[in-house]
Amino acid sequence: TPPPSEIGGKGWETDSTKGLSTAEVEKSLEAWGRNEIEVEVTPLYVLFLRQFTGFMPFLIELAAIISLAVQDYVDFAIVCGMLLVNGCLGFREEYHAKKSLDELA
């Protein structure tokens with residue numbers, strides 16, 4: 001059996017061929033819970049909105065604000081279109097990467 005320091009301060013007194021008894025398992029589950037890692041799930045809309053933060057999206061947003069301030073509505077529409085296309089492409093890439101990582105787990 002491993003030394004007590006590796007398993008929370010006290011060792012299990014059990015036969016390695018038989019394992020833990022049902023009572024020991026229930027006691028351990030009650031004290032420590034299940035041996036699981038909680039996975040944080042990010043909603044898709046958050047994944048999409050995150051595409052509009054960062055250095056490049058901020059520059060494009062600044063260009064849209066400036067073109068709106070000088071009342072150049074054609075440029076404003078073009079820049080907003082660029083921002084939307086950039087956001088959609090980034091979302092698609094990040095979604096597929098997340099999906100691939102989820103399939104590995």
Check: E24 main-chain N/O paired with S28 side-chain donor or acceptor under 3.5 Å:
no

Practice problem: Dump the intermediate steps for side-chain contact (heavy atoms from CB on, under 4.5 Å) on K98 and D102, then the final yes or no. | Solution: CA-CA 6 Å; K98 182 181 181 315; D102 289 344; 3.4 Å; yes

Residues joined to F76 in its hydrophobic cluster, side chain to side chain under 4.5 Å directly or through other members, sorted by chain and number, are L68, Y73

Working to the nearest 0.5 angstrom, can you tell me the gap between [X] [atom1] and [Y] [atom2]?
| X | Y | atom1 | atom2 | value |
| --- | --- | --- | --- | --- |
| L44 | Y95 | CG | OH | 6.0 Å |
| H96 | F91 | NE2 | CZ | 8.5 Å |
| L83 | I78 | CG | CD1 | 14.0 Å |
| Q51 | E93 | CD | CD | 9.5 Å |

Classify the ring geometry between F48 and F52 as parallel (under 30°), tilted (30 to 60°) or perpendicular (over 60°).
perpendicular

Taking CG in L104 as the centre, count heavy atoms belonging to other residues, nucleotides or ligands within less than 6.0 Å. Is the count above 12?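 Above 12, so yes.
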
Practice prompt. Indicate if M82 and M56 have the same hydrophobic cluster label, given that clusters are the connected sets of ILVMFWY residues with side-chain heavy-atom separations under 4.5 angstrom.
Written response: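 No: no chain of side-chain contacts under 4.5 Å links M82 to M56.
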
Q: Spell out, yes or no, whether L59 and L49 are grouped together once hydrophobic residues are joined by side-chain heavy atoms under 4.5 Å, including indirect joins.
A: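 No: no chain of side-chain contacts under 4.5 Å links L59 to L49.
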
Considering all heavy atoms of both residues, which atom of I60 and which atom of V79 are nearest to each other, and what is their separation?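 Looks like O-CG1, 3.2 Å.
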
For residues 59-77, pull every pair meeting salt bridge (charged side-chain N to carboxylate O under 4.0 Å, His left out), keeping only residues two or more places apart or in separate chains.
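Listed once each, the pairs would be none.
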
